[in-house]
Structures are given as C-alpha cells and as structure tokens.
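Because only heavy atoms are used, hydrogens play no part in the values below, and waters and symmetry mates are left out as well, while side chains stay in. Here is how names work: the chains are called A, B, and so on, in the same order as the sequence lines, proteins then strands, and each is numbered from 1. Fair warning: this is a prediction, and the values are worked out from it, not measured in the lab.
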Amino acid sequence: MRTTEGESRAWLLTEVEAYDSELDLACHASKGRTTRTEVLYRAGGVWYVYLCYGIHEMLNLVTGPVGHPAAVLIRGVAGINGPGRLTKRLEIDRALNGKPAAPASGLFLADVGLVVSPRRIVATPRIGVDYAGPVWARKKWRFYFEPSAAELPGAR
DNA sequence: CCATCGATCGGCT
DNA sequence: GCCGATCGATGGT
C-alpha cells in the first residue's frame, strides 16, 4: 500500500525473490559491507532501493536481524510484472532507500488476511543472476502465485 | 583515473 | 532470440 499526496493505493504482492547473506553470490552483500550495501545490514523493515543497468530502480525489503544482510526483491504485484516496471508505475526511486516500511515513508506492507495455499506458490531459480555461479543461481528462491479475480484488491 | 558490469526492459531481427 | 540503453558502484592501475 502506498500514500501519495493524500491518495492511498493498494496492490496485492504476487512475486518476490530472496537474497540471503554474504555467502549468497547473487546478493549484493557478497562483496561485503560497502556504501551501497550498508542498508542490507540494518534490522529488517527498511527499504533497499538501488539502480540497476543504469535505468531501473529495484525495490527490496531488508529482512534480516542487525548485522545479517538479507532482503527480498519485490518483483511484482497483481497487474504489474517486472521489478523495473513496478517501481516506475509506483514512482519509487532511491529516495526511499533506507526508509522504514511504515506509513511514515509512504510505502508499507499490510496483512489483508489473504491465505494462499502453499501448493499455489511456485518456486523457481532467481532471474538474471547467472553470474553468481551454478550453486547460487540455481537456488529456487523466486516465488510467485497467480491471484484469482476474487483475491484482487477491491474485489468483493 | 579508468574499465567493467549489472537482481531489466523494449525493440528489432 | 539478440542487443542496446544508461550510469553508479566497485575494484584495479
């Protein structure tokens, strides 16, 4: 959910990708603590937004305890597929980097009570991380599900 | 300082 | 299926 100039909008989160620890060669923290990755080492609950390919803003939620770099890349919501398209449509950029995932920052998560059976959730290798080598590139840490019309925001 | 490359996307062959 | 766009973080000279 997001608030922009008083306007509130809601999206159903449908696709994410996990990045965990310095051991994960696909995780930016695999290169250690740097100016860019510092946010990943904070306590979970803050946004990590960076520029990819010089064009796309990537939105991630930091998820680990203090000192343990881990994050979830927000890859898609109902109606918007692709992490780059998502940030463009939601007008999200690096200004949000390091900000809390709370109403004060304008972008936060809300539990709407939707229960998704595990059998509906598909797990696949992460996208675009072949450079991480076979072990890490093959881990099935991308997850998504296809929401039904009745599950979309605003449906009744 | 300079070179490399990327958690992508849209357009074209 | 391939390729270029576009730029900041990173690492080496």
Side-chain angles (χ1 to χ4, degrees), chain A residues 1-2 4 9-102 105-112 114 116 118-147 151-153:
Chain A
M1 182 177 273
R2 177 165 189 252
T4 304
R9 293 180 282 171
W11 291 270
L12 179 63
L13 190 54
T14 57
E15 181 180 352
V16 297
E17 230 169 50
Y19 291 85
D20 181 43
S21 89
E22 295 181 342
L23 299 178
D24 178 2
L25 295 182
C27 181
H28 288 171
S30 64
K31 291 174 181 172
R33 200 164 191 145
T34 66
T35 307
R36 179 212 208 178
T37 64
E38 175 273 324
V39 173
L40 289 171
Y41 289 80
R42 297 188 197 173
V46 297
W47 299 111
Y48 168 49
V49 187
Y50 67 93
L51 183 67
C52 186
Y53 296 109
I55 300 175
H56 307 288
E57 308 279 345
M58 295 286 113
L59 173 67
N60 300 252
L61 180 62
V62 176
T63 56
V66 173
H68 181 104
V72 168
L73 169 65
I74 308 300
R75 290 194 61 89
V77 296
I80 308 176
N81 298 311
R85 290 182 192 149
L86 184 147
T87 54
K88 184 177 181 183
R89 286 277 299 280
L90 275 59
E91 298 176 289
I92 289 167
D93 60 27
R94 284 159 287 170
L96 195 64
N97 190 44
K99 300 268 180 67
S105 72
L107 184 67
F108 59 99
L109 303 181
D111 182 350
V112 294
L114 176 63
V116 180
R119 49 185 298 170
R120 293 177 61 195
I121 300 176
V122 183
T124 80
R126 293 173 290 182
I127 305 298
V129 297
D130 288 347
Y131 66 87
V135 173
W136 295 99
R138 288 174 189 166
K139 289 197 180 291
K140 296 184 175 179
W141 286 357
R142 170 183 173 235
F143 306 94
Y144 68 89
F145 82 106
E146 300 290 347
E151 292 171 332
L152 300 177

In whole Å, what is the span from the [atom1] atom of [X] to the [atom2] atom of [N]?
| X | N | atom1 | atom2 | answer |
| --- | --- | --- | --- | --- |
| A:L51 | B:dC5 | CG | P | 18 Å |
| A:K88 | B:dC9 | NZ | P | 11 Å |
| A:L86 | B:dG10 | CG | C1' | 17 Å |
| A:R85 | B:dC9 | CZ | P | 6 Å |

Considering only atom [atom1], compute the distance from [N] to [M] and round it to an integer number of Å.
| N | M | atom1 | result |
| --- | --- | --- | --- |
| B:dT4 | C:dG4 | P | 16 Å |
| C:dT13 | B:dC5 | P | 14 Å |
| B:dG10 | C:dG8 | C1' | 22 Å |
| C:dG11 | B:dA7 | P | 13 Å |

Check your understanding: Which residues within residues 69-81 of chain A lie with some heavy atom under 4.0 Å of an atom in DNA chain B?
Key ->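 Result for residues 69-81 of chain A: A:L73, A:R75, sorted by number.
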
Exercise for review: Scan residues 126-146 of chain A against DNA chain B and write down, sorted by residue number, each residue with any heavy atom closer than 4.0 Å; if none is found, say none.
Suggested key: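 Residues of residues 126-146 of chain A under 4.0 Å from DNA chain B: A:I127, A:G128, A:V129, A:Y131.
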
Can you tell me how far [atom2] of [Y] sits from [atom1] of [X], rounded to the nearest 0.5 angstrom?
| X | Y | atom1 | atom2 | answer |
| --- | --- | --- | --- | --- |
| A:R138 | A:D130 | CZ | CG | 9.5 Å |
| A:I80 | A:R85 | CD1 | CZ | 10.0 Å |
| A:F108 | A:W47 | CZ | CH2 | 10.0 Å |
| A:I74 | A:M58 | CD1 | CE | 11.5 Å |
| A:I121 | A:Y144 | CD1 | OH | 11.5 Å |
| A:F143 | A:R126 | CZ | CZ | 9.5 Å |

Review point. Between A:R75 and A:E17, is the closest basic N to carboxylate O distance under 4.0 Å?
Key: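 Looking at A:R75 together with A:E17, the answer is yes, because their closest N to O distance falls below 4.0 Å.
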
Point to revise | Selection: residues 52-66 of chain A, any non-hydrogen atom under 4.0 Å of DNA chain C | key: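 Nucleic-acid contacts, sorted: A:Y53, A:G54, A:I55.
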
Check your understanding: Which stems, defined as runs of 3 or more consecutive Watson-Crick or G-U wobble pairs with both pairing distances under 3.5 Å, involve DNA chain C?
Key ->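 Looking at DNA chain C, the stems formed by three or more consecutive pairs are B:1-6 with C:7-12, B:8-12 with C:1-5.
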
Interface polar pairs with nucleotides 9-13 of chain C, N/O, under 3.5 angstrom:
residue	atom	partner	partner atom	Å
C:dT10	OP1	A:T34	OG1	2.2
C:dT10	OP2	A:T34	OG1	3.4

Pairwise side-chain contact, [X] with [Y], heavy-atom cut-off 4.5 Å (strictly under):
| X | Y | value |
| --- | --- | --- |
| A:R42 | A:V66 | no |
| A:W11 | A:L86 | no |
| A:R142 | A:P125 | no |
| A:R36 | A:Y48 | yes |
| A:L13 | A:V77 | yes |
| A:Y19 | A:L40 | no |

Practice item. Could you check A:K139 against A:D20 for salt bridge (Lys or Arg N to Asp or Glu O under 4.0 Å), going step by step and ending with a plain yes or no? Key: CA-CA 11 Å; A:K139 289 197 180 291; A:D20 181 43; over 6 Å; no

Practice item. Answer yes or no: does atom CD of A:E146 have more than 12 heavy-atom neighbours from other residues, nucleotides or ligands under 6.0 Å? Key: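 Count not over threshold, so no.
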
Exercise for review: Quick one: list whatever passes salt bridge (Lys or Arg N to Asp or Glu O under 4.0 Å) with A:R33, sequence neighbours left out.
Suggested key: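 Salt bridge (Lys or Arg N to Asp or Glu O under 4.0 Å) check on A:R33 returns nothing, list empty.
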
